[in-house]
Every structure is written in C-alpha cells, then in structure tokens.
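Please read the structure below before turning to the comments.
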Amino acid sequence: MRQRLAEIILNSLNDLKKKGVIPEKVEIPPIHFEIPKDRKLGDLATNIAFLLASIVKMPPKKLAEEIVHNIFLSHEDIEQVEVAGNGFINVFFKPLYWQKILVQIRENFASFCSPEIGKGKRVNVEFVSANPTGPLHVGHGRCAVIGDALARILQKVGYEVTKEYYINDAGRQMEILGKSVFIRYKQALGQEILFIEEGYQGDYIVDIAELIIIEKGDLYLSLSDEKVVPLFTKIAADSILEQIKKDLEKTRIKFDIWYSEKKLYETNAVEQTIQLLQKKEWIYEKADALWMKTTAVGDEKDRVVIRSSGEPTYYASDLAYHKDKFERKYDRIIDIWGADHHGYIDRIRAITRALDFDEDKLSILLVQLVRLLHGKKQVNMSTRKATFTPLNEVIEEVGVDAARFFFLLRRYDSHLDFDLDLAKKQSSENPVYYTQYAHARICSIYRELEKKSLTLPPPDTSLLQSIEEIEIIKKLSLFQQVLIEAAETFEPHRLTFYLIETATLFHKYYNLHRVISEDLNVSSARLYLVGVVKMILAEGLQILGITNPEKM
RNA sequence: GCGCCUGUAGCUCAGUUGGAUAGAGCAACGGACUUCUAAUCCGUAGGUCACAGGUUCGAAUCCUGUCAGGCGUACCA
C-alpha cells in the first residue's frame, strides 16, 4: 500500500516538473509514509513536502497543496488525500480497505504471524550463563526472560535459533566453591574451623555438605584439600547446575546447548586459541604474564590472559569460547549480559578483530541491573554473601506468567526496581491479567454462542464500520510489523506493549458494543473480528511464553 | 579521574528510529454491573521531557557542555 501511494505521489511530482512548478533537475528523495498518532490525521502520512521545500524554495504547505492538487485519485481503497499542519500529506483509507485487511489476516493467519525475514539464517543467543556457584537470583531472571523471549521472537520471524548457556565451571571461583563445601562438611562433622572470607555463605552450601555426609559419611574428613576440593567442587557445581536448570524450566526456559568452560580446557581449545593469538602477535609476554592487546580496540589497558602464576584468567576461556562460537558459522551471535559486565565488551570485540571475524555479526546486549528493594530499603544482591532473593522464590510467589510479563514490561536497558514487598500486590496489578482477560472474555463469547446454539450466517465484514471496529483492525494489522521490529531491535518489550494496547481496544469495544445480539448478521461480523483479536492475543502471549487462558 | 547506562505526570514506565496538541498504568476524585466475565469501561485532574546551548522547516529523540543516580574501571568473576 505504501509503495502504491509513493508511486502516486511520485507521479504527481513528475507532473509538477513538467508543468514547471518545480525544476526539472530536482532529485526526489525516497517517499516515506508513517502512521500518524492521531487518527484524525488519517491512516498514513508523508513528510515529503518538508524534504523538498528547501530544495525547490517553496513553503512546505504550498508545495504539499500542489502535490495533492495534482493527484488523480481513482484508487478504490483511498477515501481522500489532504494537506494538514504545515505541510503533511495525509491519506485516509475507506473502511472497505480495512475490511479487506481483516479478511487477509484471518485467511493467511499462519504466514501473517511468521514473516520470513530470518529465513535460512542461523542465530545464536547466549544468555544467563551464571556461574554454578549459587542459585539464580532476580537479576538473572530478568536476563533469562528477556533472552528467552527474544529467542522466541527471532524464531517466529524465521531464524533458526540456538539458545545457549555458557557454564563457567572452571577457574578460581569454582575452587572457592569446593572449599566452601569442604569447610561446611567439616563443620557439620563437628570440627571447629572458621569459614573463609571469600567463601560462599548461602545455606545451599550447607545442604550440599550434608548430602555428602548422608551418602559417604566422614570418608573425606581426614583427607587434604588437594584431594577433596576438586571432588567437592564437582559435586557442588553439578548439584547447583541441576537446580539452575530446574529454576529455568519452571520459568519456561529451555536451552539447546549447555556449553562447558571446563571442556574448553580439556580439549585444549584455550591453549590453541592463545597460541594462535600469539602467532598473530595479539598476545605478548610481560612480567611473566601473557597479555592481550585490547588497547588496539579501544580498551583502556591490555588485559591479562595467563597470570604470572600460570593460571589462566576467565578472559582466556572467553576468547576460546567466542572463537568457537564464530567458527560455528552463525549469521548472528547475540550475547546478553548484565550491565555490570560492560567493561568486558572491548575484550570480546578484540577477538573478532584479532581473528578476522565479522564484527557486525556480534551483538552484545546489556540488560540493566535489577535493584532489589524491601519496601524502601535496598537489598544487596551478592551470590557470595547469599543476600540475594532466588528467582525460584519470586516465581513461586507471583507465578510464571506475571513474572515473565513483568520482566518484559520495560526496555532491557532501563534500570529496574524490584520491590519484593510489592511483588504480590504487583502481581495482582500486573497488566498480564488485563491482557489475558481480554482473551478469556472472547472465549466466553464463544461459549455463550454455543450455549444459545445459534447458527450464524457467513460473516459480512462490510458491517464492521464503527470507529472502534476500524481501530481494532488497524491495530491487528500492525502485529506483523511489531514482530519484525522487536526482532530487528532485539526489543521484546515492544510486543508486550502491543498486546496490552490490543487488549485495551478490545475491552473498550466490548463495553460499547455487544457481539452477540438479535441481529445475526452483525453478530457474525463482530464475532469474526473478535475472533481475530483472540488469535492475535493468543499468538502474542505464546511467543512471550505466557499462557492464554480461556477462563479466568 | 576515565568509560558505559539512565534522567519524561506524585509513583512505575512507553514514546512508531527527527514529525503535527508528549501518552499509558498505578495512586487521587466523580460516574457505569437485571446484559457476551466489573481482573472491565467512561470522565476529571496531573508536564519547563534534569538543565543550558547547538544542528533545521520541525528535537523527548541527534551533537556539545553541566548536574543527578546506577554500574564498571584487578594478574576478581
């Protein structure tokens, strides 16, 4: 439609050239249409007169009028074209146009919901990737839900999506985890030793220690750290990871790949990556340590890859990991991190530069931190000190639907306050119910129809003429575009807001017009419309991983 | 100090990628249930888009500076 309109305007402009109103040599910029926010301003509007005004030295309004006067209007879908404001050209469609759109959406619903912009392209979304040193907290939950919803959206628009979790199951933090368990083990068996300051203090560590006692008793009590800690590390990591998987499953999140950092060491991938980078002179030696030249990509200093002690840093395995991800030949790689990792961006960018990977394929999304509140008091969220609130607890308290919807209710780069004291109240005020309610209400209309056992005539969409009905169709027609935009900008919240707005239009309509009435023809047409609303709501909620109840 | 993010109604947030008179929800006030579900709807009130410049036909949106908040700035993760 936009294309055809652009042609009409272009024809008019060419005509004006012939008439000498505008100079022949003027180059006409692409004619762009947008949807005005006020419906009184028409269905589509273009600013072309503004763009041309300065070039042809005419007031925009005058130019717009010339353009409109020159339009030979014979298009069956267009009601009128008018000039408004200082020179906008507004186009109004006939109801017939929208009625046809409605039928198109319904008849081709599956393809309408699955624009194939990503067809044949593979994308990897890596998110959460929390260390298996403790349960997931609310902050992880936000990343988890956003990443998952984004993956679902990308899938919907045709991409082949891989959801990946990178498990940091190697390195110093894991050793501390093992030590923490060992100390709790000893303490539980009656030894009086102090807990280490950097240790993990959560109760779950005690639980793991007690489980070991139940299974093996005091078998390890007299053994040395070197012998026990690696074993305890593994037991703890496995157990915690198990819990993480359960929590994610409860949040309706399933990963395709669980990628182990430890494997990168076992297969020598880290070593090989470092050797390769050394050969390419991106890694050099200084003060007994190996350094990566991250300053070459704008970092403020070079970063250590191998410590002088010979121990690799996490950066070492991250290099190998991203090298591997690139070598798996995705068309797009998306990393979703907590915003506190932003200093890491340059470091990861360095590898794409060093190994000649296409930098544009990598997108790093920083999800802003969740600030946890107890009423007015801020709660510090530390895994080590165990002062966090587990995601698990929140999900149980407010439910998966409300929790997911809540996290998808704002842009990922906005800071989020999560007030635990209000969590329950928030859940009852959560717009998720408003949206689901619209769906349930429509289902209820169908039930009513069945109860009355009415047989309706085939729908005649030309009966859908009211402002509210046309407004709803307009909104429905945007669904595909919203999906595409959410996918292209990596912003799932756009879909959330769209669904709320659609629900709003429906609720208003519902209060104003009865769907099922004595006039069977009208009833049939309205049911047809409302049926599409239901389909769109169900589809949208499903994409966000939220249920669409038929009764509430 | 430097870097990243944020600053929009009392509160929580949107804002169609630079468009027309800046919008929702919550909270406040006033209305609508013998009706397909009132978890809804209608109305009133609420604003110097942090501040100051700049770019142009046009700025909440882009640029510069200032202020405020958050985060980062390790041979921690």
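Order of the sequence lines fixes the chain letters, A, B, ..., with proteins taken first and strands second; residue numbering starts at 1 for each chain.
Rounded to whole angstrom, the span from the CD1 atom of A/Ile48 across to the P atom of B/rG19 amounts to 15 Å. Separating the CZ atom of A/Arg172 from the C1' atom of B/rA77 is a distance of 10 Å, rounded to the nearest angstrom. Between A/Leu51 atom CG and B/rG58 atom P the separation is 14 Å, expressed in whole Å. Taking atom CG of A/Leu369 as the reference point, atom P of B/rC5 lies 14 Å away to the nearest angstrom. Between the P atom of B/rG25 and the CG atom of A/Leu409 lies a distance of 13 Å, rounded to the nearest Å. Protein atom CD1 of A/Ile89 is 17 Å distant from nucleotide atom P of B/rG19, rounded to whole Å. Look at CD on A/Gln368: it is 12 Å from P on B/rC13, rounded to the nearest Å. Put simply, CD on A/Glu485 is 6 Å from C1' on B/rU16, counting in whole angstrom units.
Both distances falling under 3.5 Å, in either a Watson-Crick or a G-U wobble arrangement, place B/rU40 opposite B/rA32. Across the strands present, B/rU61 finds no partner; the criterion is a Watson-Crick or G-U wobble pair with both atom distances under 3.5 angstrom. Base pairing of B/rU73 is made with B/rG1, judged by Watson-Crick or G-U wobble geometry with both donor-acceptor distances under 3.5 Å. When both pairing distances are held under 3.5 Å, B/rG18 makes no Watson-Crick or G-U pair with any nucleotide shown. In this entry B/rC13 has B/rG23 as its Watson-Crick or G-U wobble partner, both defining distances falling under 3.5 Å. When both distances must be under 3.5 Å, the Watson-Crick or G-U wobble mate of B/rU66 is B/rA50.
There is no side-chain donor-acceptor pair under 3.5 Å between A/Arg2 and A/His32. A/Tyr509 and A/Ser466 share no side-chain donor-acceptor pair at under 3.5 Å. There is a side-chain donor-acceptor pair under 3.5 Å between A/Thr294 and A/Asp299.
Within 4.0 Å of A/Tyr446, counting heavy atoms only, lies no atom of the nucleic acid at all. Using a 4.0 Å heavy-atom cutoff across all strands shown, A/His341 reaches at least one base atom of the nucleic acid. Heavy atoms of A/Phe50 sit under 4.0 angstrom from at least one base atom. Counting non-hydrogen atoms under 4.0 angstrom, A/His513 reaches a base of the nucleic acid. Among the heavy atoms of the strands, none lies under 4.0 Å from A/Ala53. Residue A/Ala49 is out of contact with every strand shown, counting any heavy-atom pair closer than 4.0 Å. Heavy atoms of A/Tyr434 sit under 4.0 angstrom from primed sugar atoms or phosphate atoms, though from no base atom. Among the atoms of the strands shown, base atoms are found under 4.0 Å from some heavy atom of A/Ala440.
A cation-pi arrangement is not found for A/Lys179 relative to A/Tyr200, the charged atom failing to lie both closer than 6.0 Å to the ring centre and inside a 45° cone about the ring normal.
In this structure, A/Tyr314 does not pack face-to-face on the six-membered ring of B/rA77, missing the 5.5 Å centre cutoff or the 30° plane limit.
Using P as the reference atom, B/rU35 and B/rC29 are 27 Å apart when rounded to the nearest Å. B/rG18 and B/rC5 are spaced 23 Å apart, taking the C1' atom of each and rounding to whole Å. Atom name C1', nucleotides B/rG47 and B/rG7: the rounded distance is 15 Å, in whole Å. Nucleotides B/rA28 and B/rC11 have their C1' atoms positioned 12 Å apart, rounded to a whole Å.
Here A/Arg411 does not reach the OP1 or OP2 of B/rC5: none of its side-chain N or O atoms lies under 4.0 Å away.
Checked against the 6.0 Å centroid threshold, A/Phe405 and A/Tyr433 do not count as a close aromatic pair. In this structure, the ring of A/Phe506 has its center no less than 6.0 angstrom from the ring center of A/His439.
The side chain of A/Asp413 sits closest to B/rC5 out of B/rG19, B/rC41, B/rC5. Taking the side chain of A/Arg514 as heavy atoms from C-beta on, and the options B/rG69, B/rC36, B/rU40, the nearest nucleotide is B/rC36. Closest to the A/Glu448 side chain, of the nucleotides B/rC36, B/rU40, B/rA14, is B/rC36. The side chain of A/Ala84 sits closest to B/rA20 out of B/rA20, B/rA77, B/rC13. Ranking B/rC75, B/rC5, B/rA74 by closeness to the A/Arg303 side chain, first place goes to B/rA74. Here the side chain of A/Phe88 is nearest to one of B/rA27, B/rG19, B/rG72, namely B/rG19. Closest to the side chain of A/Pro36, from the set B/rA14, B/rA39, B/rA20, is B/rA20. The side chain of A/Arg410 has B/rU12 as its nearest neighbour among B/rC5, B/rA77, B/rU12. Here B/rC4 is the nucleotide among B/rC4, B/rA20, B/rC42 with the atom lying nearest to any side-chain atom of A/His342.
Side-chain to base pairing of A/Ser308 with B/rC75: one donor and one acceptor N or O lie within less than 3.5 Å of each other. Below the 3.5 angstrom threshold, one finds a donor paired with an acceptor across the side chain of A/Asn90 and the base of B/rA20. Taking 3.5 Å as the limit, the base of B/rG19 and the side chain of A/Asn47 contain a donor-acceptor pair of atoms between them.
Side-chain contact between A/Leu154 and A/Ile334 is present, with heavy atoms from C-beta onward closer than 4.5 Å.
The backbone N or O of A/Thr547 sits less than 3.5 Å from a side-chain atom of A/Asp401, completing a donor-acceptor pair.
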